[in-house]
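Let me begin by presenting the structure, written as structure tokens, before commenting on it.
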Amino acid sequence: MPGGLDSSNLALIVIDVQNSFASMAQPILSELNDTIRSARRAGIPVIFTQHGHSDPENEEKTSVLVRWWGASESIRKGSHDWKLLSDLDVASSEVVLDEKTTYDSFYGTRLKSLLDKQNVDTVIISGVLTQFCCETTARSAFVQNYDVIFLSDGTGPPCPSTLEIISFGFGKVITCAEMRARLNKIKKDNLK
């Protein structure tokens, strides 16, 4: 089977590591930053997402997500909560998809076109929230015919039920250390 752990056509997707979710992101940040750096060294694209709403009060009328959480609990674009964590290792050359407005990182964003342009067949899912945006993006990637690798300690908060569901029907669940070992092998193979 093409893709998956045997693929070198990977992309690391780092989902919504923003100030609004700092308490859930901080525990995974060290492992995640190490994995981001390993992906770069292996020549694997790293794509960040940033969830937010331009006008939550008006979007309450048209967005089920904003209605669900309420305008006051929605992340307003440009606010402190909307900004990526300052400790997150984002290179200036990397793409930040700041148009994300729902749990699915594909919906209404450039993600699929970016992946297809780079011939990516396997996505590595990381970031927050495990059981919302990370799981939804993993499922969406799977139904769009991408193989999925889901980082158990590179997503937060810990959610064993999500990891069980992903591993059963949508992707391979591994640790950041296991992913970095694979990325280091890709780097060595590319140097041959």
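Heavy atoms from other residues, nucleotides or ligands lying under 6.0 Å from CD of Gln118 number more than 12. Annotation: Lys172, atom NZ; neighbour count of heavy atoms from other residues, nucleotides and ligands within 6.0 Å does not exceed 12. Under a cut-off of 6.0 angstrom, the local environment of NZ in Lys83 is sparse, with at most 12 non-hydrogen atoms contributed by other residues, nucleotides or ligands.
Looking at Pro157 and Gln131, their side chains come closer than 4.5 Å, going by heavy atoms from C-beta outward. Using a 4.5 Å cut-off on side-chain heavy atoms (C-beta onward), Leu183 and Ile44 make contact. For the pair Ser38 and Asp34, the minimum side-chain heavy-atom distance is 4.5 Å or more. No side-chain heavy atom of Thr101 sits less than 4.5 Å from a side-chain heavy atom of Leu65. Looking at Arg76 and Trp82, their side chains never come closer than 4.5 Å, going by heavy atoms from C-beta outward. Counting heavy atoms from C-beta outward, Arg180 and Arg37 have side chains that stay 4.5 Å or more apart. Here the side chains of Tyr103 and Thr137 are not in contact, with every heavy-atom distance at 4.5 Å or above. With a 4.5 Å cut-off on side-chain heavy atoms, Phe21 and Ile15 do not count as touching.
For the atom pair CD (Glu164) and SG (Cys159), the distance works out to 10.5 Å, reported to the nearest 0.5 Å. Interatomic distance, Asn9 CG to Thr122 OG1, rounded to the nearest 0.5 Å: 7.5 Å. The distance from atom CD1 of Ile166 to atom CG of Leu151, rounded to the nearest 0.5 Å, is 11.5 Å. Remark: His51 NE2 to Asp16 CG distance equals 7.0 Å, nearest 0.5 Å. The distance from atom SG of Cys176 to atom CD1 of Ile28, rounded to the nearest 0.5 Å, is 7.5 Å. Separation of atoms CD1 (Ile149) and CD1 (Ile125) is listed at 10.0 Å; rounding is to 0.5 Å.
In terms of heavy atoms, Thr130 sits closest to Thr155 at OG1-C, 3.3 Å. Minimum heavy-atom separation, Cys133 to Lys100: SG-NZ, 3.3 Å. Considering all non-hydrogen atoms of both residues, Ser74 and His53 come closest at CB-CD2, 3.9 Å. Smallest separation of non-hydrogen atoms from Leu84 and Gln50: N-NE2, 3.7 Å. The shortest non-hydrogen separation linking Asp89 to Arg40 is O-NH2, 2.7 Å. When every heavy atom of Leu163 is checked against every heavy atom of Ser152, the shortest pair comes out as CD1-CB, 3.9 Å.
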### Task
Begin with the C-alpha distance, continue with both residues' side-chain angles, and end with the deciding distance and a verdict on side-chain contact (heavy atoms from CB on, under 4.5 Å) for Ile47 and Val123.
CA-CA 10 Å; Ile47 301 169; Val123 294; over 6 Å; no

### Message
Run the side-chain contact (heavy atoms from CB on, under 4.5 Å) test on Ile186 and Leu10 for me, step by step, so that the C-alpha distance in whole Å, both residues' side-chain angles and the decisive distance to 0.1 Å come before the verdict.
### Response
CA-CA 10 Å; Ile186 291 170; Leu10 304 159; 3.3 Å; yes

### Query
Taking it one step at a time, do Leu97 and Val95 satisfy side-chain contact (heavy atoms from CB on, under 4.5 Å)?
CA-CA 6 Å; Leu97 300 174; Val95 174; 3.7 Å; yes

### Query
Given Cys134 and Phe150, is the side-chain contact (heavy atoms from CB on, under 4.5 Å) satisfied, shown in steps?
CA-CA 8 Å; Cys134 296; Phe150 200 92; 3.8 Å; yes

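Side-chain contact check for Tyr146 and Asp116: at least one donor-acceptor pair (N or O, by modelled atom type) lies under 3.5 Å. Checking Thr136 against Arg139 by side-chain atom types alone, no donor-acceptor pair falls below 3.5 Å.
With hydrophobic clusters built from ILVMFWY side chains whose heavy atoms lie under 4.5 angstrom apart, Val148 shares a cluster with Val143. Transitive grouping of hydrophobic side chains (ILVMFWY, heavy atoms separated by less than 4.5 Å) keeps Ile75 and Tyr107 in distinct clusters. In the hydrophobic clustering of ILVMFWY residues, with side-chain heavy atoms under 4.5 Å counting as a link, Leu32 and Val96 come out together. Note on Phe142 and Leu111: same hydrophobic cluster, where clusters join Ile, Leu, Val, Met, Phe, Trp and Tyr whose side-chain heavy atoms are under 4.5 Å apart, directly or indirectly. Transitive grouping of hydrophobic side chains (ILVMFWY, heavy atoms separated by less than 4.5 Å) brings Ile124 and Leu88 into a common cluster.
Formation of a donor-acceptor pair under 3.5 Å by the Glu94 side chain with backbone atoms of Phe48 is not found in this model. Thr109 contributes a side-chain N or O that, together with a main-chain N or O of Phe106, makes up a donor-acceptor pair within less than 3.5 Å. Glu59 places a side-chain N or O within donor-acceptor distance of the main-chain N or O of Asp55, the cut-off being under 3.5 Å.
Between Trp69 and Phe132, the ring planes lie perpendicular to each other; the angle is over 60°, past the 30° to 60° tilted range.
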